[in-house]
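Residue numbers start from 1 in every chain, and the chains themselves are labelled A, B, ... in the order their sequence lines are given, proteins ahead of strands. Not measured: the values here are computed from a predicted model.
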Amino acid sequence: MTSLIDELSEWTGSAFEDLELPKEMGRVTLSDRPDLAQFQCNGALAAAKLAKKNPREIAAAVVDKLKAMPAFSEITIAGPGFINLKLSDTFLSARISAVAHDARFGVPLATEPKTIMIDFGGPNVAKPMHVGHLRSSIIGDSLQRLITFAGDKTVSDIHLGDWGLQMGQLISEIEIQMPDLPYFAPGAEGPFPKESPVSLEDLEALYPQAAAACKIDEDRKELARQATAKLQSGHPGYRALWKHFIDVSLSAIKREYQLLDVTFDLWKGESDVNDLIDPLVNDIEAKGFSEISDGALIVRVERDDDKSEIPPLILRKSDGSVMYGTTDVATIQDRMTTYDPDTVLYVVDQRQHLHFEQVFRTVNKIGLADSEKFEHIGFGTMNGTDGKPFKTREGDVMKLFDLIAMAREQASKRIEEAGLAVDQTDEQRAEVARMVGLAAIKFADLSNHRLSNYIFDLERFTAFEGKTGPYLLYAAVRIKSILRRAKDEGLDGEVETLSVTSDAERGLVLELLKLPDAISGAYEKRAPNILCDFVYAVAQAFSRFYSMHHILSEPDDALRRSRLALCALTLGEIELVLGLLGIEIPERM
RNA sequence: GACCCCGUAGCUCAGCUGGAUAGAGCAACGGAUUUCUAAUCCGUAGGUCGCAGGUUCGAAUCCUGCCGGGGUCGCCA
């Protein structure tokens with residue numbers, strides 16, 4: 001099924017074509033003036049310029065061709081040549097009935113599926129996950145759900161930060177604090193102890209100590225650099241110790257993603273391409289793409305038409321170790337051979353934009369892959385209510401785990417205040433609070449355009465009223481409740497055709513028919529906020545419908561069933577879209 | 001200094017492949033309920049779309065300059 005707006009565009013496009021005007025000019029959009037029309041086409045104005053004719057004349061000619069179609073109840077020309085369209089209730093009724101009987105609610109499935117990889121620019125091993133990881137997780141997860149639904153094949157990779165300087169900082173810190181450990185014995189080849197010498201808590205304490213020491217002391221930093229280089233070149237003790245870090249942190253990282261309900265196909269990291277690096281770097285060198293500069297091996301990626309200076313990508317530092325630019329290039333090589341993706345999305349903070357520009361140019365230059373295949377899906381920062389980067393009351397970085405807990409507690413408080421879920425067990429209430437808290441966070445994050453910075457205000461996000469996750473859950477749960485009662489009381493039944501008889505019904509139907517456009521818009525722009533706007537508009541239209549018509553008490557059997565079917569369809573679309581946003585809906589609340 | 005992102009109602013944000021009267025939510029004010037879960041619905045008020053030019057029949061949207069906020073600019077990620 002094509003989207004309604006595409007189908008209307010097809011019709012008006014053909015009319016333009018008949019007049020020997022470009023078909024694209026027939027593009028139909030939602031009306032800017034809902035008081036006058038449901039849809040509009042502004043093509044006559046552009047066509048007038050092209051054909052050097054009067055726009056109203058062109059509009060009149062187009063309208064003449066469309067007049068015969070029974071789908072339209074009203075076609076008018078307004079102003080300088082806007083074509084205003086209204087669809088007949090009969091047409092809308094047939095259309096919405098078809099959508100109601102379609103498992104995909106009229107959303108087309110990709111005819112030529114692509115393979116799209118999603119790189120989440122994952123957390124660093126040994127560092128606690130903080131609020132900075134929230135956006136990449138939520139946005140990336142929504143994109144993977146959306147793209148999968150659209151019919152493409154997605155392969156998501158958490159892509160852990162496990163091979164950079166932070167590893168050397170940590171290893172050297174432990175070596176300083178616990179020099180007697182077997183990992184540090186000169187010439188030690190192993191085997192080394194199976195038990196980790198450090199716990200997760202140790203790691204979380206050690207990393208800040210190491211980072212702080214390196215920041216103020218150049219000699220200390222040099223130790224970290226050396227440790228990094230030795231780790232990467234295969235020092236057995238360091239490798240063994242490093243492996244412990246990974247194992248210990250991974251359990252924590254997995255726990256956090258489970259709380260967020262975010263999953264990955266691949267749990268790879270920077271270190272996974274280590275074996276590819278030497279051959280790759282040698283090859284780049286041999287082919288003459290690189291050069292030595294200040295002791296480092298670099299690839300120049302600047303171009304003549306650059307507006308600003310693009311620094312080179314450093315393949316190998318002067319101490320011989322590699323940074324994430326090199327592992328990112330090697331990872332692309334790995335992905336191209338293993339998955340041959342059409343596109344790779346990097347869901348990473350916008351501040352790293354230059355880095356990705358360098359990486360994409362590098363792979364293009366060395367002939368590894370066309371840089372067009374790669375997209376940096378950047379996002380802005382999450383700020384506190386003071387407009388500054390989000391911190392705890394004490395001024396520390398807020399841990400992700402704590403943030404999720406806060407949202408759950410806040411949701412729990414709200415539920416209690418509102419006297420909801422009183423007939424449920426404590427466990428059920430806790431589960432509802434979990435879902436409401438998560439919905440609050442996710443919906444608030446995703447409803448902002450990803451590039452803009454946004455203010456994290458839990459009070460507002462968990463509010464009962466307005467454009468929030470909890471409101472949407474409530475709307476969905478209310479529909480579930482009606483459907484449940486209808487079933488229990490035997491009031492439902494099969495419905496062939498949904499009727500469109502009132503303003504409230506028409507309004508809801510028109511919203512529901514926008515689903516394919518919301519999906520394609522969000523897909524093309526990689527912008528989940530479009531889904532948020534859509535689902536909120538549907539919920540609002542439903543609330544209006546719900547307040548206008550008392551469904552279960554409707555005496556006319558056919559009308560009641562039709563309205564119940566409309567409820568079911570509304571619920572279906574809300575469930576689908578909230579699902580694409582990674583938001584779960586409880587059965588009742 | 002160069003470059004990137006942002007600047008839209010009192011607040012938080014959409015809209016930005018140019019089109020008619022710039023939209024939501026919150027807050028404010030006025031209504032609706034013996035409810036199918038009112039975490040709701042209806043209505044009113046609120047905007048020189050940062051500023052100044054330019055392109056265009058038409059600019060929040062495109063171009064140029066400036067102002068303000070954030071960010072980035074070779075051996076961190």
Asker: I'd like the P distance from G30(B) over to C13(B), given in whole Å.
Answerer: 29 Å
Asker: If pairing requires Watson-Crick or G-U wobble contacts with both distances under 3.5 Å, which nucleotide is the partner of A2(B)?
Answerer: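 With both distances under 3.5 Å, A2(B) matches U72(B).
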Asker: Would you mind classifying the nucleic acid contact of Glu270(A) as base, sugar-phosphate or nothing, using non-hydrogen atoms under 4.0 angstrom?
Answerer: sugar-phosphate
Asker: Between Lys399(A) and Glu204(A), does any side-chain N to carboxylate O distance fall below 4.0 Å?
Answerer: yes
Asker: Does C4(B) have its OP1 or OP2 closer than 4.0 Å to a side-chain nitrogen or oxygen of Lys307(A)?
Answerer: yes
Asker: Mind checking Ser481(A) for me? I need base, sugar-phosphate or nothing, with any heavy atom below 4.0 Å counting as a touch.
Answerer: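 Contact class for Ser481(A): base.
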Asker: With both distances under 3.5 Å as the test, what is the Watson-Crick or G-U wobble partner of U61(B)?
Answerer: none
Asker: State whether the distance check finds a donor on one side and an acceptor on the other, under 3.5 Å, for side chain Asp35(A) versus base A20(B).
Answerer: no
Asker: Looking at every strand, decide which applies to Asn84(A) at a 4.0 Å heavy-atom threshold: base, sugar-phosphate, or nothing.
Answerer: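 Since a base atom lies under 4.0 Å of Asn84(A), the category is base.
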Asker: For Val322(A) and Arg316(A), which heavy atoms make the closest approach, and how far apart are they?
Answerer: CG1-NH1, 4.0 Å
Asker: Both Asn124(A) and Pro311(A) contact RNA chain B. Taking the nearest nucleotide for each, which residue is further toward the 5' end?
Answerer: Pro311(A)
Asker: Quick check: Tyr471(A) with Tyr474(A) (ring centres under 6.0 Å apart)?
Answerer: no
Asker: Nearest 0.5 Å, what's the CD1-CH2 distance between Ile246(A) and Trp163(A)?
Answerer: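 Ile246(A) CD1 to Trp163(A) CH2: 8.5 Å, rounded to 0.5 Å.
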Asker: For U12(B) and A32(B), measure between their P atoms and round to the nearest Å.
Answerer: 33 Å
Asker: Can Gln169(A) and Gln209(A) be said to form a side chain to side chain contact (heavy atoms under 4.5 Å, CB included), step by step?
Answerer: CA-CA 9 Å; Gln169(A) 288 178 324; Gln209(A) 289 170 17; over 6 Å; no
Asker: If I pick the P atom on G10(B) and the same atom on U72(B), what distance separates them, to the nearest angstrom?
Answerer: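 Straight-line distance between the two P atoms is 32 Å.
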Asker: Between His355(A) and Gln358(A), name the one whose nearest nucleotide on RNA chain B is closer to the 5' end.
Answerer: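 Checking each residue's closest nucleotide, the 5'-ward one belongs to Gln358(A).
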Asker: When you measure from the centre of the six-membered ring of Tyr523(A), is the NZ or CZ of Arg526(A) under 6.0 Å away and within 45° of the axis?
Answerer: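 That pair qualifies as a cation-pi contact.
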Asker: State whether the distance check finds a donor on one side and an acceptor on the other, under 3.5 Å, for side chain Ser293(A) versus base G74(B).
Answerer: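 When only heavy-atom distances are counted, Ser293(A) does reach the base of G74(B) through a donor-acceptor pair under 3.5 Å.
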Asker: If we take the C1' atom in both U48(B) and A9(B), what is their distance in whole Å?
Answerer: 13 Å
Asker: Please state whether the phosphate of G25(B), meaning OP1 or OP2, lies under 4.0 angstrom from any side-chain nitrogen or oxygen of Gln540(A).
Answerer: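 Yes, because at least one side-chain N or O of Gln540(A) sits under 4.0 Å from OP1 or OP2 of G25(B).
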Asker: Which part of the nucleic acid, if any, lies within contact of Met548(A), taking any heavy atom under 4.0 Å across all strands shown: a base, the sugar-phosphate backbone alone, or nothing?
Answerer: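 It contacts nothing in the nucleic acid.
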Asker: Contact class for Ile298(A) vs. all strands (heavy atom < 4.0 Å): base, sugar-phosphate, or nothing?
Answerer: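 Since a base atom lies under 4.0 Å of Ile298(A), the category is base.
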Asker: Think Ser452(A) has a side-chain N or O under 4.0 angstrom from the OP1 or OP2 of C6(B)?
Answerer: no
Asker: Mind checking who A32(B) pairs with, Watson-Crick or G-U wobble, both distances under 3.5 Å?
Answerer: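 Here A32(B) is engaged in a pair, and the nucleotide opposite it is U40(B).
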Asker: Taking C67(B) as the reference, what is the distance to A52(B) when you measure between their C1' atoms (whole Å, please)?
Answerer: 10 Å
Asker: Does G15(B) have OP1 or OP2 under 4.0 Å away from a side-chain N or O of Asn529(A)?
Answerer: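 Yes, such a contact exists.
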Asker: Which part of the nucleic acid, if any, lies within reach of Tyr454(A) when heavy atoms closer than 4.0 Å are counted: base, sugar-phosphate only, or nothing?
Answerer: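 Sugar-phosphate contact only.
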Asker: Determine: side-chain N/O of Tyr536(A) to OP1/OP2 of C13(B), distance under 4.0 Å, yes or no.
Answerer: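 No, outside the criterion.
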Asker: Taking the same atom, C1', in U61(B) and in G71(B), what whole-Å distance lies between them?
Answerer: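 Taking atom C1' in both U61(B) and G71(B), they lie 24 Å apart.
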Asker: So what does Leu45(A) touch, heavy atoms closer than 4.0 Å: a base, only the sugar-phosphate, or nothing?
Answerer: base
Asker: Over all strands shown, is Val348(A) touching base, sugar-phosphate only, or nothing at heavy-atom distances under 4.0 angstrom?
Answerer: nothing
Asker: Mind checking whether Tyr324(A) and His355(A) have parallel, tilted or perpendicular rings, split at 30° and 60°?
Answerer: parallel
Asker: Expressed as a whole number of Å, how far does the P atom of G25(B) sit from that of C6(B)?
Answerer: 25 Å
Asker: Taking any heavy-atom pair under 4.0 Å as a contact, classify Leu354(A): base, sugar-phosphate, or nothing.
Answerer: sugar-phosphate
Asker: What is the distance from CD1 of Ile551(A) to P of U40(B), rounded to the nearest Å?
Answerer: 17 Å
Asker: In Å and rounded to the nearest 0.5 Å, what is the CD1 to CG distance from Ile479(A) to Leu566(A)?
Answerer: 9.0 Å
Asker: Which is true for Gly79(A) with a 4.0 Å heavy-atom rule: it touches a base, it touches only sugar-phosphate, or it touches nothing?
Answerer: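 The answer is nothing, as Gly79(A) stays clear of every strand by at least 4.0 Å.
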Asker: Arg414(A) near the nucleic acid: base, sugar-phosphate alone, or nothing, with a heavy-atom cut-off under 4.0 Å?
Answerer: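 Result for Arg414(A) = nothing.
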Asker: Mind checking if Ala46(A) touches a base, just sugar-phosphate, or nothing, with heavy atoms under 4.0 Å?
Answerer: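 Counting heavy atoms under 4.0 Å across all strands, the contact made by Ala46(A) includes a base.
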Asker: Suppose we define a pair by two distances each less than 3.5 Å, Watson-Crick or G-U wobble; what does A24(B) pair with here?
Answerer: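 Because both required distances fall under 3.5 Å, A24(B) counts as paired with U12(B).
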Asker: By the 4.0 Å heavy-atom rule, please label Tyr471(A) as base, sugar-phosphate, or nothing.
Answerer: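 Touches sugar-phosphate only.
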Asker: Which is true for His550(A) with a 4.0 Å heavy-atom rule: it touches a base, it touches only sugar-phosphate, or it touches nothing?
Answerer: base
Asker: Does Gln40(A) contact A20(B) through a side-chain donor or acceptor facing the base, at a distance under 3.5 Å?
Answerer: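 When only heavy-atom distances are counted, Gln40(A) does reach the base of A20(B) through a donor-acceptor pair under 3.5 Å.
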